[in-house]
Amino acid sequence: MPSNIFRYIFRHSMKQQIIVVVLTLVYMPILYFSFELPKIIVNDAIEPPAETFPRQLLDMDFEQVPYLLILCGIFLALVVTTGAMRYCLSVYKGVLGEIMLRRLRYDLYDRVLRFPLAHLGKVTGGEIVTMATAEVEPLGRYMGIAVANPALQLGTLLTALFFLFMQDMLLGIAAIALFPVQIYFVPKLQRRMNEVSRRRVQNVRLFAGHVTETIDGVRDIHAHDTRAFELSKAADRLGVLFRIRRRLYTLGNTIIFLNTFFTQLTPFFFYSLGGYLVIMGDLTFGSLVAVIAAYRETATPWNELLENYQAAEDNRVKYAGLVETFRVAEAAAAAGDDTDAQVCGPLTVAGAGLEDGDLRLVEDATFEVPVPGRVAIAGPAGSGKNHLAQMLCGLRPPTSGTITLGGSDITKMSEAVIGRCMGYADADSHVFSGTWRDNLYYGLKHRPVRPPDYDKKTAGEREQWISEARAAGNA
């Protein structure tokens with residue numbers, strides 16, 4: 001997975017993001033005309049004296065009232081058109097967000113399947129479940145709007161500013177006078193929020209891990225009456241989370257206050273400066289009304305751009321945390337599934353050892369057995385026989401020595417090859433939901449043997465995973 005969220009977005013949705021940008025560009029001229037039309041209605045249909053009529057429109061003469069109604073009808077059509085385009089863009093962005101959420105969860109689940117056994121012993125199921133469900137939910141929603149929202153907001157802002165400057169240069173300058181102040185303060189506050197948000201994500205995972213550990217060890221908690229001790233640990237973690245979230249609310253609302261204050265301060269310049277220009281005859285009243293209406297369209301996208309910047313930074317931090325956690329599976333994910341590889345030859349173990357920190361689980365194992373063949377590994381509990389069997393099946397790579405199958409290093413062979421050559425079952429093997437036949441033949445379900453039938457409801461019904469030859473042991 002790319003380490004940057006935007007690389008991931010463009011890798012999987014470049015075509016859809018381009019469609020959104022094109023629709024946004026089509027929307028901009030319509031938006032500009034919706035700014036211009038109110039000025040025409042006031043200056044050209046309401047304010048002029050009746051003796052200036054009839055007016056000609058499309059080679060037809062219209063009196064003042066019909067002319068006003070026609071312009072208002074055009075304005076209503078523009079309102080409907082802009083609303084319909086915004087609706088289509090919103091629906092498209094929502095669907096795109098769900099597509100990206102599905103893709104992200106699929107990629108994370110794929111990496112969970114590739115986690116080395118040693119790594120799974122260091123993380124709890126609660127942490128993984130939290131990351132693959134709750135944490136990716138806002139990420140998926142953001143991926144649907146990551147390009148569409150800034151494009152729409154920036155286009156709307158530039159269109160409104162262009163209209164303002166076309167009416168009067170001073171009013172245009174007044175509209176953007178406070179932008180530099182916001183550009184300076186908002187990123188500084190956002191950097192603080194990013195650090196606090198990173199701490200929040202880490203502590204949520206720790207709390208999820210504690211809950212999972214409690215469920216796994218609930219029998220011992222009841223047996224030893226340690227409920228108060230576990231509650232105390234949970235209270236400590238929840239207290240840390242509370243302080244972090246309180247800090248987030250403080251910083252977030254500070255940014256909202258600054259944005260709202262500056263947004264409401266700018267109309268002061270319009271009413272004072274614009275009113276002065278109207279009184280002096282340098283600006284028409286209709287232009288001032290249109291300018292104030294256009295500023296509302298300027299303020300909203302500007303604030304949304306700032307909010308989008310905050311969302312981009314927040315989701316960038318969350319995505320980076322996800323990638324860092326699942327990076328351990330990248331090497332396995334990059335390994336190809338060489339399903340056509342044929343492995344022949346003996347299984348050779350030369351000085352193989354396995355260590356877990358300072359603990360030696362297997363030391364200097366050396367032997368060679370033919371494949372196919374039979375071998376028994378005997379020893380008392382804790383002798384390392386289970387760990388050695390896991391090393392032979394590629395479940396745990398040796399920390400010293402080598403294990404080769406047909407002359408090929410087993411640590412460099414893909415799961416697709418090892419899984420077709422060997423099976424593994426011990427006392428801790430999981431019994432999957434389904435029938436005993438499903439579990440007995442589980443090791444044969446590598447790839448579907450016929451094209452899927454999507455009229456069926458479940459994956460087991462849609463595809464046949466076991467051929468008769470495989471089940472009979474002939475393939």
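Please read these numbers as outputs of a predicted model, since none were measured by experiment.
Atom OG of Ser400 is separated from atom CD of Glu355 by 6.5 Å, given to the nearest 0.5 angstrom. Put simply, CD1 on Ile18 and CG on Leu23 are 12.0 Å apart, with the number rounded to the nearest 0.5 Å. Atom-to-atom distance recorded for Leu96:CG and Glu98:CD is 10.0 Å, nearest 0.5 angstrom. With values rounded to the nearest 0.5 angstrom, Thr399 atom OG1 is found 5.0 Å from Leu354 atom CG. Taking CG from Leu89 and OG1 from Thr24, the interatomic distance works out to 5.0 Å, rounded to the nearest 0.5 Å. In this structure, Leu241 CG and Phe207 CZ are separated by 7.5 Å, a value rounded to the nearest 0.5 Å.
Using the six-membered ring where Trp is involved, Tyr32 and Phe162 have ring planes that are tilted, between 30° and 60° apart.
Between Ile9 and Gln17 there is a side-chain heavy-atom pair separated by less than 4.5 Å. At least one side-chain heavy atom of Val147 sits less than 4.5 Å from a side-chain heavy atom of Val21. Looking at Gln390 and Lys385, their side chains never come closer than 4.5 Å, going by heavy atoms from C-beta outward. Asn203 has its side chain within reach of Ile244: a pair of non-hydrogen atoms, C-beta onward, lies under 4.5 Å apart. No side-chain heavy atom of Glu368 sits under 4.5 Å from any side-chain heavy atom of Leu347. Residues Arg247 and Arg243 fail the side-chain proximity criterion, which asks for heavy atoms closer than 4.5 Å.
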Worked check of side chain to side chain donor-acceptor pair (under 3.5 Å) between Arg103 and Tyr8: CA-CA 10 Å; Arg103 162 60 65 177; Tyr8 185 87; 5.0 Å; no
Audit row: Glu363, Arg360, salt bridge (Lys or Arg N to Asp or Glu O under 4.0 Å) steps and yes/no: CA-CA 7 Å; Glu363 185 176 4; Arg360 290 187 177 183; 2.9 Å; yes
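The nearest pair of heavy atoms linking Ala365 to Val349 is O-CG1, 3.1 Å. Across all their heavy atoms, Asn4 and Tyr319 have their closest contact at C-CE2, 3.6 Å. The shortest non-hydrogen separation linking Asn308 to Ile145 is OD1-O, 4.4 Å. Considering every non-hydrogen atom in both Leu101 and Gly140, the closest pair reads CB-CA, 3.8 Å. Closest approach of Leu25 and Pro29 over heavy atoms only: O-CD, 3.1 Å. Considering all non-hydrogen atoms of both residues, Leu104 and Met143 come closest at CD2-CE, 4.0 Å.
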